[in-house]
Visitor: 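One structure, as structure tokens, below. Some questions next.
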Number of protein chains: 2
Amino acid sequence: MIEAAGLEPGDALASSRELAKRFEVTTPTIREALRRLEATDVIRFRHGSGTYVSGGVNRRLLVNPHVSESRSESVLELLDARIVLEPPVAAAAAAARTDDDLTALTLSADNSLKPQYADERPELHFHVALAGASGNLLLRETIEALLQVRARDQIEIRHRYTDRDRDHADHVRIVEAVRDGDADAAAALTRDHLVAIREAIASTLGPEQAR
Amino acid sequence: MIEAAGLEPGDALASSRELAKRFEVTTPTIREALRRLEATDVIRFRHGSGTYVSGGVNRRLLVNPHVSESRSESVLELLDARIVLEPPVAAAAAAARTDDDLTALTLSADNSLKPQYADERPELHFHVALAGASGNLLLRETIEALLQVRARDQIEIRHRYTDRDRDHADHVRIVEAVRDGDADAAAALTRDHLVAIREAIASTLGPEQAR
DNA sequence: CACAATAAGTGACTAAATCACTTATTGAAT
DNA sequence: ATTCAATAAGTGATTTAGTCACTTATTGTG
């Protein structure tokens, strides 16, 4: 129904009672269906106001909200995965970027000096914008989902371990490589950037967990 | 509660009525909670039998089951994303593989001659096993989730466009490179393998969609 | 004109049933 | 002794009718 009506994030759904009438079931049944959609962030409930379409409608990959991250070493696991996956994405971006991509990339690089909107505006996250410049939406969604893993830790990492100036300088260099269409340089710079972050975190966790 | 009790896929949950008593709510409320868990495949209902823990409990990345893939060109989009991401994963596998990984890899390569269990047994899917050999679980889960995108099309692809013998031969060569610890070769062979599949599909879709 | 009271609309939840389905048990026929 | 159909208990699926909690636009008063 959301698809058929072409509803987009922010749009309101019909009320539970109305949906119940339309589908000829009762409200508890409707609620069960809506709760499933809520689980993948397709819709959100606002008590007393209504239910609204959310960002999940156009997000094919997502993080399982029902798996709690307990093991602390998985922060490094995540960084290791990013070190493998993101450099080639940067290379692809360097090969395929449009002028619009460059504009968005520059904007998000500047935002890394004051990353205040990074959580609610994913397109302002540098690494997401970088993946977006590859022209492949699925690639962008993959990186986006990956960055949602251990999101809580990542916020703390940004606040405690990240040197914002250095971060920004790294990002600017990557943007330059992408602008010049230098795939190898973009990949290498991205790898160095992530390795530096990994090292900074690993050293604070103590050598026994650094592998 | 699933975590606390250490329940694993296949284990049964308490009945709805019992859960309702335990949490001091009524059954419709319990059902809403369970439906959310169902949406990310943490649990599954079996009418008349019970509700059981499912594979989603230890899957951090997953495909949004509520987004229907309509555009046919996204098959190529998926292949393009895999061409970017999987070669470096293969390289990482060549660098980190253990003997156990090699055994699993050989097994899954053989399975690609008769890929009958590929859907219900993800570890038998060659590209998942390859990612697993990297030693990074998140990397494996990422590839696993990616392969779930357009799963329906992928089954058809396997049945119609794939030359099983050639597929198997490609896989064997990749395994050899991983065994020898030759990261560059593993990456190159994986890229060639995926590019060949992409070309086969692109040609059947007609040149206008091949980009 | 500002602002508090109001009323209508919405989600959240309850309570007590009934229906649909599965599965282990039971007991009779073979 | 074995087989197999009837049975009963347990489980999920859904209904019905209503109440509570919250939001928001409207209205009437100061």
Side-chain angles (χ1 to χ4, degrees), chain A residues 1-59 62-68 117 119-121, chain B residues 1-59 62-68 117 119-121:
Chain A
M1 208 199 72
I2 291 173
E3 270 180 21
L7 299 184
E8 291 184 12
D11 293 348
L13 260 66
S15 74
S16 307
R17 295 157 171 65
E18 196 174 328
L19 289 173
K21 261 187 239 165
R22 195 180 311 183
F23 289 103
E24 294 182 312
V25 291
T26 54
T27 51
T29 307
I30 285 291
R31 292 199 117 248
E32 287 182 32
L34 293 177
R35 284 293 188 195
R36 285 200 290 218
L37 292 172
E38 185 198 25
T40 61
D41 197 33
V42 171
I43 63 168
R44 272 186 201 177
F45 292 96
R46 279 192 238 160
H47 190 173
S49 173
T51 85
Y52 300 83
V53 177
S54 185
V57 256
N58 31 40
R59 215 174 284 140
L62 46 89
V63 175
N64 194 338
H66 300 121
V67 173
S68 70
Y117 310 114
D119 298 318
E120 58 255 27
R121 302 275 307 273
Chain B
M1 210 199 71
I2 291 173
E3 270 180 20
L7 298 185
E8 291 185 13
D11 293 347
L13 260 66
S15 74
S16 307
R17 304 174 197 347
E18 196 175 327
L19 289 173
K21 261 188 239 164
R22 195 179 312 181
F23 289 103
E24 294 183 313
V25 292
T26 53
T27 52
T29 306
I30 284 291
R31 292 199 118 248
E32 287 181 31
L34 293 177
R35 284 293 188 194
R36 286 199 289 218
L37 292 173
E38 186 198 25
T40 61
D41 197 34
V42 171
I43 63 168
R44 273 187 201 176
F45 292 96
R46 279 192 237 158
H47 190 174
S49 173
T51 83
Y52 300 83
V53 178
S54 184
V57 257
N58 30 41
R59 213 174 284 139
L62 44 90
V63 174
N64 194 338
H66 300 121
V67 173
S68 70
Y117 309 115
D119 298 318
E120 56 255 27
R121 302 276 307 274

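Lettering of chains follows the sequences in order, A, B, ..., and the numbering in each one begins at 1.
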Visitor: If the cut-off is 4.0 Å, is Ser16(A) near the phosphate of dT10(C), judged by side-chain N/O to OP1 or OP2?
Guide: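 For Ser16(A), the contact criterion (side-chain N or O under 4.0 Å from OP1 or OP2 of dT10(C)) is not met.
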
Visitor: So how far is it from Tyr52(B) OH to Arg46(B) CZ, rounded to the nearest 0.5 Å?
Guide: 4.5 Å

Visitor: For the pair made of CG in Leu34(A) and P in dG11(C), what is the distance, rounded to whole Å?
Guide: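 Atom CG in Leu34(A) sits about 8 Å away from atom P in dG11(C).
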
Visitor: Using a cut-off of less than 4.0 Å, is there contact between a side-chain N or O of Thr29(A) and OP1 or OP2 of dT15(D)?
Guide: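 Answer is yes, contact under 4.0 Å.
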
Visitor: Output the rounded distance in Å from CD1 (Ile43(B)) to C1' (dT11(D)).
Guide: 14 Å

Visitor: From CG of Leu19(A) over to C1' of dT10(C), roughly how many Å is that when rounded to an integer?
Guide: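 So the CG-C1' distance, Leu19(A) to dT10(C), works out to 12 Å.
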
Visitor: Quick one: are Met1(B) and Leu19(B) in side-chain contact, heavy atoms under 4.5 Å?
Guide: yes

Visitor: What I want to find out is whether Glu18(B) reaches Lys21(B) closely enough, with some N-O distance under 4.0 Å, to be called a salt bridge.
Guide: no

Visitor: Rounded to whole Å, how long is the line connecting atom CZ of Arg44(A) with atom C1' of dT10(C)?
Guide: 19 Å

Visitor: Roughly, in whole Å, what's the span from CD in Glu32(B) to P in dG12(D)?
Guide: 16 Å

Visitor: Which nucleotide wins on minimum distance to the side chain of Thr26(A), given the candidates dT15(D), dT14(D), dC22(D)?
Guide: dT15(D)

Visitor: Which atom pairs, donor and acceptor, lie under 3.5 Å between side-chain atoms of residues 6-13 of chain A and protein residues at least two apart or in another chain?
Guide:
| residue | atom | partner | partner atom | Å |
| --- | --- | --- | --- | --- |
| Asp11(A) | OD2 | Glu8(A) | N | 2.9 |

Visitor: What integer distance in Å separates Arg46(B):CZ from dG12(D):P?
Guide: 12 Å

Visitor: Hey, what are the protein-to-nucleotides 17-19 of chain D N/O distances that come in under 3.5 Å?
Guide:
none

Visitor: Separation of Ile30(A) atom CD1 from dC13(C) atom P, in whole Å?
Guide: 17 Å

Visitor: Check whether any side-chain N or O of Asn64(A) sits under 3.5 Å from a backbone N or O of Leu62(B) as a donor-acceptor pair, and report yes or no.
Guide: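 No, the answer is negative, given that no donor and acceptor are paired below the 3.5 Å cut-off.
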
Visitor: Phe23(B) has an atom CZ; how far is it from atom P of dT14(C), in whole Å?
Guide: 13 Å

Visitor: If you define the side chain from C-beta out and look only at heavy atoms, does anything of Thr51(B) sit under 4.5 Å from Leu37(B)?
Guide: no

Visitor: Using heavy-atom distances to pick each residue's nearest nucleotide on DNA chain D, tell me which of Glu18(B) and Arg35(B) is more 5'.
Guide: Glu18(B)

Visitor: Between His66(B) and Arg36(A), what is the shortest heavy-atom contact and its length?
Guide: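 So the two residues come closest at CE1-O, 3.1 Å.
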
Visitor: Using a heavy-atom cut-off of under 4.0 Å over every strand shown, decide if Ser49(B) touches base, sugar-phosphate, or nothing.
Guide: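 Since only primed, P, OP1 and OP2 atoms lie under 4.0 Å of Ser49(B), the category is sugar-phosphate.
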
Visitor: The side chain of His47(B) lies closest to which of these nucleotides: dT14(D), dA20(C), dG11(C)?
Guide: dA20(C)

